[in-house]
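Source: prediction; values computed, not measured.
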Amino acid sequence: MALDRKDIEALAAHLESAELEARDVTKITDDYPQMDWADAYDIQDEIRRRKEARGHKTVGLKAGLTSFAKMKQMGVDVPCFGFVSDYMARPDGGEIQTSELIHPKVEAEICIVTKAPLKGPGCHVGAVMAAIDFVLPAVEIIDSRYRDFKFDLKSVIADNTSASRFVIGGRSRRVEELDLRTLGVVLEKNGQIVAMAAGAAVLGHPAAAVAMMANHLGARGQEIPAGTFIMTGGVTEAIAVAAGDNVNVRFQDLGSVSMKFV
Ligand code: OOG
Ligand code: MG
């Protein structure tokens with residue numbers, strides 16, 4: 001740890017107010033170049049603590065930058081992990097208020113809900129497959145608090161990996177009914193196909209993102225409890241959206257997820 005507790009708390013307050021006020025800020029490593037990985041996750045944990053202290057429930061975990069398309073788009077080569085809160089959830093087919101956001105982008109994500117705890121180190125795809133209760137599709141609306149979506153990995157981890165809104169839709173399926181690697185995803189904006197991929201775009205297998213998350217949390221003395229909703233990361237690059245846009249994502253065997261930006 002390179003930062004002291006006072007800096008961690010101040011940076012968490014700084015980034016969380018930027019989120020809540022839909023105001024962009026410069027990346028925090030510009031002012032704190034010495035910040036290390038533990039500091040970045042400590043700032044994120046402090047943001048989570050602040051939200052929970054105000055009564056917001058943490059309702060899921062997310063892996064980010066897990067597909068090559070996303071890593072290439074953002075210029076990083078390692079995934080990151082974050083959380084989603086109750087107030088970030090929006091209904092399938094509903095409206096997303098862009099006035100509450102800075103510069104939203106959508107991501108198509110294969111998600112799972114666990115039926116058993118997962119704890120690293122040593123967690124692998126097999127352990128994750130055994131712990132999956134069911135699979136369901138979602139769209140994540142990310143909104144980096146950093147100006148022009150420009151950040152480095154430590155800054156984005158501290159900023160709770162750009163978590164902003166998410167929409168769960170479609171239908172759930174048992175994992176045995178699916179091949180998570182060949183599961184096709186087609187992302188449409190205003191009726192046009194703008195991106196597509198298969199599940200294997202996520203680290204070769206979406207369950208690998210969950211294993212990596214369990215190993216990451218294990219190193220921090222934490223685990224993934226049973227009953228956790230987990231987003232495994234955008235399968236394609238993220239697509240910028242603005243008021244007036246309609247987004248519909250078709251997931252093979254899992255139905256579709258849609259929303260309108262107003
Ligand atoms: C970081 C969050 C990435 C994903 O699914 O890859 C993410 C970002 O690109 O702003 O949620
Ligand atoms: Mg995402």
Side-chain angles (χ1 to χ4, degrees), residues 1-66 70-71 73-90 96-107 109 140-166 213 216-217 219-220 222 229-231 233-234 238 240-241:
M1 278 203 25
L3 301 186
D4 62 22
R5 193 64 214 162
K6 199 167 82 5
D7 289 336
I8 300 279
E9 286 171 10
L11 286 166
H14 169 68
L15 289 172
E16 206 208 2
S17 358
E19 178 215 330
L20 299 176
E21 294 160 22
R23 176 170 52 73
D24 65 5
V25 295
T26 53
K27 69 175 170 22
I28 58 174
T29 46
D30 290 352
D31 295 318
Y32 295 85
Q34 76 279 26
M35 195 177 123
D36 66 19
W37 299 104
D39 294 326
Y41 278 106
D42 284 352
I43 295 167
Q44 184 194 118
D45 285 353
E46 174 60 16
I47 291 176
R48 178 167 167 171
R49 194 203 59 74
R50 289 169 62 90
K51 292 187 187 306
E52 290 174 357
R54 288 200 308 274
H56 286 302
K57 298 266 181 280
T58 299
V59 295
L61 300 179
K62 58 167 283 191
L65 306 172
T66 50
K70 279 273 344 190
M71 291 191 230
Q73 181 180 34
M74 303 324 296
V76 300
D77 55 7
V78 188
C80 56
F81 306 99
F83 66 92
V84 287
S85 301
D86 51 6
Y87 72 90
M88 299 177 182
R90 290 293 178 275
I96 309 284
Q97 289 289 340
T98 51
S99 59
E100 298 170 359
L101 308 174
I102 305 164
H103 40 205
K105 293 184 187 180
V106 292
E107 300 181 321
E109 308 216 9
E140 180 177 27
I141 296 106
I142 52 168
D143 193 31
S144 175
R145 268 55 70 169
Y146 298 118
R147 196 148 305 154
D148 303 323
F149 248 99
K150 295 236 159 45
F151 49 67
D152 52 20
L153 205 48
K154 286 174 191 159
S155 296
V156 75
I157 288 166
D159 184 32
N160 189 21
T161 66
S162 314
S164 174
R165 300 284 181 266
F166 67 100
M213 175 187 286
H216 157 75
L217 290 174
R220 290 179 63 79
Q222 300 162 14
F229 166 68
I230 302 173
M231 309 176 67
V241 285

- Kindly determine whether Leu101 and Arg165 satisfy side chain to side chain contact (heavy atoms under 4.5 Å, CB included), including the steps that lead there. CA-CA 9 Å; Leu101 308 174; Arg165 300 284 181 266; 4.1 Å; yes
- Mind telling me whether Phe81 and His216 have parallel, tilted or perpendicular rings, with 30° and 60° as the class edges? parallel
- Item | Atom pair CD (Glu140) and OG (Ser164), whose distance is rounded to the nearest 0.5 Å | 8.0 Å
- Message: Once side-chain contact (heavy atoms from CB on, under 4.5 Å) is applied, do any residues pair with Ser144, and if so which ones, sequence neighbours excluded?
- Response: His103, Tyr146, Phe149, Phe151, Asp159, Ser162
- Message: Per the salt bridge (Lys or Arg N to Asp or Glu O under 4.0 Å) rule, what does the pair list look like for residues 29-38, sequence neighbours excluded?
- Response: Lys27-Asp30
- Would you call Glu9 and Arg5 a salt bridge, taking side-chain N to carboxylate O under 4.0 Å as the test? yes
- Note on the structure: Value for CD1 (Ile28) from CG (Asp39), rounded to nearest 0.5 Å, stands at 9.0 Å
- Which pair of heavy atoms, one from Gln34 and one from Ala2, lies closest together, and at what distance? O-CB, 3.2 Å
- Query: What do the steps show when you test Met35 against Ile43 for side chain to side chain contact (heavy atoms under 4.5 Å, CB included), and what is the final call?
  - Reply: CA-CA 10 Å; Met35 195 177 123; Ile43 295 167; 4.2 Å; yes
- Item | Closest heavy-atom pair and its distance - Met71, Val78 | SD-N, 4.1 Å
- Note on the structure: Between the OH atom in Tyr32 and the CG atom in Asp7, the distance rounded to the nearest 0.5 Å is 4.5 Å
- Could you check Asp42, Leu11, Leu15 and say which one makes a side-chain contact (heavy atoms from CB on, under 4.5 Å) with Ile47? Leu15
- Message: For Pro104 versus Ile102, what's the shortest heavy-atom pair and its separation?
- Response: CD-C, 3.8 Å
- Task: List the atom of Leu65, the atom of Met74, and the distance in Å for their closest heavy-atom pair.
- Result: CD2-CG, 3.7 Å
- State which residues pass ring-ring contact (aromatic ring centres under 6.0 Å, His included) with Phe83; sequence neighbours excluded, sorted by chain then number. none
- Message: Go through it in stages, so that I can follow the logic: the residues are Phe166 and Val59, the test is side chain to side chain contact (heavy atoms under 4.5 Å, CB included), and I'd like the CA-CA distance, side-chain angles, deciding distance and then a yes or no.
- Response: CA-CA 11 Å; Phe166 67 100; Val59 295; 3.8 Å; yes
- Of the non-hydrogen atoms in Val25 and Ala18, which two are nearest, and what is the gap between them? CG1-CB, 3.8 Å
- Query: Measuring from Glu100:CD to Asp143:CG, what's the distance to the nearest 0.5 Å?
  - Reply: 10.5 Å
- Task: Taking the side chain as every heavy atom from C-beta outward, state whether Leu61 and Leu217 have any pair of such atoms under 4.5 Å apart.
- Result: yes
- Results of side-chain hydrogen bond (donor to acceptor under 3.5 Å, both in side chains) for Thr29 - residues two or more places apart only: Asp152, Ser155
- Query: Under 4.0 Å between a Lys/Arg side-chain N and an Asp/Glu carboxylate O for Glu52 and Arg49?
  - Reply: no
- Query: Can you list the residues that meet the side-chain contact (heavy atoms from CB on, under 4.5 Å) rule with Ala238, with sequence neighbours excluded?
  - Reply: Lys70, Gln73, Lys105, Glu107, Ile142
- Task: Return the set of residues passing side-chain hydrogen bond (donor to acceptor under 3.5 Å, both in side chains) with Glu19 (not counting sequence neighbours), or none when no residue passes.
- Result: Lys51, Tyr87
- Message: Quick check: closest heavy atoms across Gly55 and Asp86, and the distance to 0.1 Å?
- Response: O-OD2, 4.3 Å
- Item | Value rounded to 0.5 Å, distance of CZ in Arg54 from CG in Leu20 | 5.5 Å
- Message: Has Glu109 got a side-chain atom pairing as donor or acceptor with Gly233's backbone, closer than 3.5 angstrom?
- Response: yes
- Item | Separation between CD of Gln44 and CG of Asn160, rounded to the nearest 0.5 Å | 4.5 Å
- Message: Does atom CG (Asp4) have a neighbourhood of more than 12 heavy atoms from anything else shown, all under 6.0 Å?
- Response: yes
